[in-house]
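Before any comments, here is the structure.
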Amino acid sequence: MVSICSPLPPNLVASSISVEAPRSRGRSLTSREYGVLLQSCIDSKSLERGKMLHSRIRKDGFERNRDLLPRLIKLYSVCGRIDDAKKLFDRMSKRNSDVFLWTSMICAYAKNGSMMRCFELFVQMLERGVRPDSYTFSGLLKASAEFGFLELTLQLHSMVVRCGCGGCLSVANSLIHAYGSLRVVHEARKLFDRMVVRDVASWSAMIQACSSMGSYADSMALFSSMQLGDCLKPNELTVVALLPACGFFSSLRKGQAVHAYVIRNGYESNLIIGSALVTMYSRCGDPDVAYMIFTSFYQKNLVLWTSMIEGFALNGKYDIALNLFKKMQDQGFQPNYVTLVVILSACSHAGFVDEGLQIFETMQEKFGVKAGVEHYACVVDMLGRGGRLEDAEKFIENMGMRPSGSMLGSLLGACQVHHNVEIGERMAYRLFELEPRNAANYVILSNVYAAVGQWHDVGRVRQMMIAKGLLKDSGCSWIELKDTVYVFGAHDRSHWESEKIYKVLEELSEEIVRAGYVPATEHVLLDVEENEKKKLLCSHSERLAIAFGLLKVPPEMPIRIVKNLRVCGDCHEAIKLISRVTSRKLVVRDTNRFHHFYRGCCSCGDYW
DNA sequence: ATAGGGTTAG
């Protein structure tokens with residue numbers, strides 16, 4: 001027989017006791033013992049066992065026990081019996097004004113997503129004169145943030161202060177989280193900076209807030225101060241909050257370090273961490289390791305599948321991505337909204353226009369997912385990339401919703417690639433109204449003109465930009481070696497080994513010309529001499545970074561670089577040949593995609 | 001009895 005204080009896992013203790021032990025021993029359990037058993041029912045969501053326990057607790061007269069009552073409510077709520085929880089609550093609250101009781105019911109509603117009821121109960125509680133405590137506020141803040149109520153969160157915040165709960169760690173953490181998920185990071189940060197004592201949860205919530213806003217540099221900085229300044233050990237939630245930052249910077253070394261930490265701490269079997277790792281490795285251009293992690297999970301879930309599919313697509317392995325999409329369905333997973341965005345985007349980047357359109361048209365009946373803006377945006381992109389610019393424009397007109405800026409932007413980009421001035425102008429002028437301060441739109445329109453040699457219009461657009469005081473984002477590429485990131489701008493000569501770098505480029509130029517390279521000067525969108533154009537092309541930032549990589553990265557290792565804009569068409573050709581003449585694997589990350597160059601070919605199949 | 005997690009177009 002297993003005893004109560006056995007070191008075995010609680011569910012084992014519970015199952016062996018709740019059924020036979022008490023009766024066979026012929027004695028009642030203490031409230032403490034009931035507490036342990038109830039907890040195990042909560043953990044394993046065992047409603048039937050919990051009900052049996054409940055009736056025995058009632059018989060033994062422990063139902064009003066301050067330890068057991070909240071647990072009973074929690075048991076019913078985690079088992080999806082929120083109404084039973086409320087019945088019990090109603091029965092008990094007639095004579096009970098204990099904050100424990102009220103808070104547990106409020107939290108049950110908060111977890112359950114019953115926003116209105118949660119706050120109704122809170123009001124009733126205040127009317128009854130029950131003073132809320134830190135637990136009450138944590139529950140309420142969770143509900144308020146989840147429903148995106150900023151006003152309410154602010155009111156709760158001021159109540160927290162008035163009730164003297166402002167100094168409580170868990171309440172402060174809840175507030176940081178709430179502000180973070182409401183995307184008011186500065187409020188979260190203000191609070192965070194004022195905290196006297198911070199624990200892992202505070203740091204994790206703050207890192208998460210930064211990551212969800214895309215302030216990844218802040219996430220990174222916080223992560224190191226947490227360890228160096230506060231000497232705190234990251235936990236699973238910290239890791240999950242940090243991994244997107246590693247992926248964003250394509251910082252394979254940092255990502256690998258986090259992965260090693262995950263393994264050292266036994267977090268590998270955590271599905272959420274697994275999905276975050278798959279995404280991180282995919283964004284660092286290493287889909288093979290991502291796939292290894294993916295396969296290491298025997299029990300997968302939809303998010304893991306979706307992450308892996310996206311990972312392959314991101315790295316140009318479109319066929320594998322689509323196969324995985326089929327395999328996922330064979331294994332009984334129905335794609336959701338996000339999966340369909342991912343798969344449509346894959347079709348768009350792969351040039352699988354017809355397949356993509358078919359998925360789009362049948363997604364509602366087949367998967368019960370109603371197409372949203374993101375899906376429509378993928379279709380516009382798909383048609384645009386495929387050169388079906390008129391179809392794309394018609395699609396925008398007839399889709400029955402206001403086009404988003406990004407939709408018009410992707411069609412404008414397609415007009416640059418396919419040299420369509422007419423549609424390009426229409427898109428650009430709509431965009432100028434929609435997002436007047438976005439310099440990128442002006443730049444693309446001027447590129448559209450430049451691509452067809454309308455230099456007068458190029459100048460006109462440039463004048464518009466100057467008049468509005470808009471500056472073009474300048475292109476740069478970077479490469480990470482050891483723990484340092486080296487950034488190169490176009491025609492950059494600031495690096496201390498600049499001379500060597502340009503020497504490598506010169507030698508390479510000769511070699512790739514021998515291998516058949518012809519500089520595609522149409523990619524120089526400036527009105528300058530032909531020879532000047534050739535020179536300008538050679539020192540694009542991506543080539544500088546690659547040359548530096550050739551000098552520094554051991555020959556057996558791939559050279560990974562990242563560029564903040566799209567790789568230009570000429571560099572793409574050149575890099576293909578560089579991979580051939582040097583027999584190196586070159587991995588270039590674009591704004592959002594990867595190009596894997598090897599033996600003169602690129603994974604994108606020249607369609608991007 | 002409480003807070004915190006992964007996948008989303010260009």
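Protein chains get the first letters and strands the later ones, always in sequence-line order, with residue 1 at the start of each. In what follows, every heavy atom counts, from backbone to side chain, and hydrogens, waters and symmetry copies are set aside.
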Donor-acceptor pair under 3.5 Å: do we get one between [X]'s side chain and the base of [N]?
| X | N | value |
| --- | --- | --- |
| A/Ser406 | B/dA9 | yes |
| A/Asn270 | B/dG6 | no |
| A/Ser170 | B/dT2 | yes |

Should [X] be listed as having a side-chain N or O under 4.0 Å from OP1 or OP2 of [N]?
| X | N | answer |
| --- | --- | --- |
| A/His349 | B/dA9 | no |
| A/Arg66 | B/dA1 | no |
| A/Lys111 | B/dA3 | yes |
| A/Lys142 | B/dT2 | no |

Residues which pass side chain to side chain contact (heavy atoms under 4.5 Å, CB included) with A/Met159, listed by chain and number, not counting sequence neighbours: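 Testing A/Met159 for side chain to side chain contact (heavy atoms under 4.5 Å, CB included), a comparison that skips the adjacent residues, returns A/Phe122, A/Leu126, A/Phe137, A/Arg162.
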
Residue list, side chain to side chain contact (heavy atoms under 4.5 Å, CB included) with A/Ala371, at least two apart or on another chain: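 For A/Ala371, the residues satisfying side chain to side chain contact (heavy atoms under 4.5 Å, CB included) (neighbours in sequence not counted) are A/Phe360, A/Met363, A/His375, A/Tyr376.
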
With a non-hydrogen cut-off below 4.0 angstrom, is [X] in contact with a base, only sugar-phosphate, or nothing?
| X | result |
| --- | --- |
| A/Ser410 | sugar-phosphate |
| A/Arg566 | nothing |
| A/Ala241 | nothing |
| A/Ser275 | base |
| A/Leu344 | nothing |

Non-neighbouring partners of A/Glu236 that pass salt bridge (Lys or Arg N to Asp or Glu O under 4.0 Å), sequence neighbours left out: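 By the salt bridge (Lys or Arg N to Asp or Glu O under 4.0 Å) rule, A/Glu236 matches no residue at all.
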
Among B/dG6, B/dG10, B/dA3, the one nearest A/Ser174 by side-chain distance: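 Nearest listed nucleotide: B/dA3.
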
Candidate nucleotides B/dT7, B/dA9, B/dA3, ranked by approach to the side chain of A/Val303 - the nearest: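 Closest of the options to the side chain of A/Val303: B/dT7.
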
Pairs touching residues 298-314 of chain A that satisfy salt bridge (Lys or Arg N to Asp or Glu O under 4.0 Å), sequence neighbours left out: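 Residue pairs passing salt bridge (Lys or Arg N to Asp or Glu O under 4.0 Å), neighbours aside: A/Arg283-A/Glu310.
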
All pairs passing salt bridge (Lys or Arg N to Asp or Glu O under 4.0 Å) where residues 398-412 of chain A contributes a residue, at least two apart: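 Found none.
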
Contact list for DNA chain B against residues 207-214 of chain A - heavy-atom distance below 4.0 Å: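 Hits under 4.0 Å, by residue number: A/Gln208.
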
A/Glu268 side chain reached by A/His259 side chain, heavy atoms, under 4.5 Å: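 They are not in contact (no side-chain heavy atoms under 4.5 Å apart), so the answer is no.
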
Donor-acceptor contact present, side-chain A/Asp230 to main-chain A/Met226, <3.5 Å: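 Such a contact is absent between A/Asp230 side chain and A/Met226 backbone.
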
